[in-house]
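Presented below is the structure to which this report refers.
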Amino acid sequence: METKRVEVLPYDAKWRSDFEDIKREILGAIGGLITGIEHVGSTSVEGMSAKPCIDIDVIIKDRSVFDAVVKGLGGIGYVHEGDLGIKDREAFKYSDKPHLQAHHLYVCPEKSEELRRHMAFRDFLRNDPGAVKEYSAVKEEAARRFPNDIEKYIQYKSPCIEALYEKCGLR
């Protein structure tokens with residue numbers, strides 16, 4: 001899903017059930033091929049302001065099942081986009097899922113560094129209310145300043161992310 005307008009909203013508890021709805025659909029298509037599905041990103045952190053788009057990492061044991069996963073996800077409307085420049089994180093897009101909350105879907109092997117980073121950052125934020133407050137404020141300000149420029153939005157919040165990565169041991 002491409003971001004056309006940057007909108008950051010206060011935390012919404014519904015995001016948890018939105019994730020579960022997406023997870024159910026994915027499990028129905030490829031549940032036997034995967035080892036897990038993780039809700040990552042800002043919508044997975046209680047109290048965190050976020051763009052209303054669920055980030056999901058589907059976990060596979062290794063690449064041996066990847067072609068079957070692509071086929072299974074294709075059967076429910078997802079199209080493989082490649083790794084988009086990030087090793088061991090395969091992106092998928094969709095165009096017709098009005099019954100589900102907007103989301104980004106990635107498939108990662110269990111040993112993926114990107115999966116480890118997503119989960120470590122999520123878990124750090126879930127356990128540090130001060131970091132949640134700080135990062136939420138930066139994201140809200142970035143969205144106010146750059147409502148029509150996702151690149152500048154990302155650039156504005158990058159120093160905060162880097163500082164939080166340092167604090168949680170990802171740098």
Inset, instruction - Mark yes or no for whether Glu140, through its side chain, and Val8, through its backbone, hold a donor-acceptor pair below 3.5 Å. - result: no
Inset, instruction - Return yes if some donor-acceptor pair links the side-chain N/O of Ser44 with the main-chain N/O of Gly41 below 3.5 Å, else return no. - result: yes
Shortest non-hydrogen contact between [X] and [Y], atoms and distance:
X	Y	result
Tyr153	Ala143	CD1-N, 3.7 Å
Leu84	Glu81	CD2-O, 3.7 Å
Ile30	Gly72	CG2-CA, 3.7 Å
Ser136	Ser49	OG-N, 2.9 Å

Identify whether [X] and [Y] are in the same connected component of the hydrophobic contact network (ILVMFWY, side-chain heavy atoms under 4.5 Å).
X	Y	result
Ile59	Val65	no
Ile161	Leu170	yes
Tyr94	Ile34	yes
Phe121	Val138	no
Val58	Leu100	yes

Legend entry - Test salt bridge (Lys or Arg N to Asp or Glu O under 4.0 Å) applied to Glu25 and Lys97, step by step: CA-CA 11 Å; Glu25 189 167 296; Lys97 294 201 171 286; 2.6 Å; yes
Are any non-hydrogen side-chain atoms of [X] and [Y] less than 4.5 angstrom apart?
X	Y	value
Ile56	Phe19	yes
Leu164	Tyr135	yes
Thr35	Glu110	yes
Cys108	Asp88	no
Arg5	Pro147	yes
Asp83	Arg89	no
Arg122	Val45	yes

From [atom1] ([X]) to [atom2] ([Y]), nearest 0.5 Å:
X	Y	atom1	atom2	answer
Asn127	Cys168	CG	SG	11.0 Å
Gln101	Asp18	CD	CG	4.5 Å
Arg24	Ile37	CZ	CD1	11.0 Å
Cys53	Leu9	SG	CG	11.5 Å
Ile26	Lys23	CD1	NZ	10.0 Å
Arg117	Tyr165	CZ	OH	3.5 Å

Inset, instruction - Only counting residues at least two apart or in another chain, list the ones meeting side chain to side chain donor-acceptor pair (under 3.5 Å) with His39. - result: Thr43
Inset, instruction - Assess whether side chain to side chain contact (heavy atoms under 4.5 Å, CB included) is satisfied between His118 and Asp57, documenting all intermediate values. - result: CA-CA 9 Å; His118 284 174; Asp57 286 346; 2.6 Å; yes
Inset, instruction - Verify side chain to side chain contact (heavy atoms under 4.5 Å, CB included) between Asp128 and Lys167, making sure each step is shown before the conclusion. - result: CA-CA 11 Å; Asp128 190 326; Lys167 190 173 177 182; 3.3 Å; yes
Inset, instruction - Flag this pair as yes if the NZ/CZ of Arg63 is under 6.0 angstrom from the six-membered ring centre of Phe66 and inside a 45 degree cone about the axis; otherwise no. - result: yes
Legend entry - Pair Phe92-His104, ring pair (Phe, Tyr, Trp, His ring centres under 6.0 Å): steps then yes or no: CA-CA 7 Å; Phe92 287 77; His104 293 129; over 10 Å; no
Inset, instruction - Fit a plane to each ring of Tyr11 and Trp15, take the angle between them on a 0 to 90° scale, and name the class: parallel (under 30°), tilted (30 to 60°) or perpendicular (over 60°). - result: perpendicular
Inset, instruction - Identify, with sequence neighbours excluded, every residue that meets salt bridge (charged side-chain N to carboxylate O under 4.0 Å, His left out) alongside Arg126. - result: none
Legend entry - Residues, nucleotides or ligands: over 12 heavy atoms within 6.0 Å of Asp62 CG: yes
Legend entry - Verdict with reasoning, Lys93 to Tyr78, per side chain to side chain contact (heavy atoms under 4.5 Å, CB included): CA-CA 6 Å; Lys93 65 181 179 179; Tyr78 291 95; over 6 Å; no
Legend entry - Candidate pair Leu115 and Met119, rule side chain to side chain contact (heavy atoms under 4.5 Å, CB included), full reasoning: CA-CA 6 Å; Leu115 172 66; Met119 292 176 61; 3.6 Å; yes
Inset, instruction - Say whether Lys139 and Ser42, considering side chains only, have a donor N or O and an acceptor N or O under 3.5 Å apart. - result: yes
Inset, instruction - For the residue pair His80 and Glu90, confirm or rule out a side-chain donor-acceptor distance under 3.5 Å. - result: yes
Inset, instruction - Would you mind checking if Arg171 and Glu162 are paired as a salt bridge, meaning a charged N to carboxylate O distance below 4.0 Å? - result: yes
Legend entry - Carboxylate-amine/guanidinium contact Glu46 Arg16, below 4.0 Å: yes
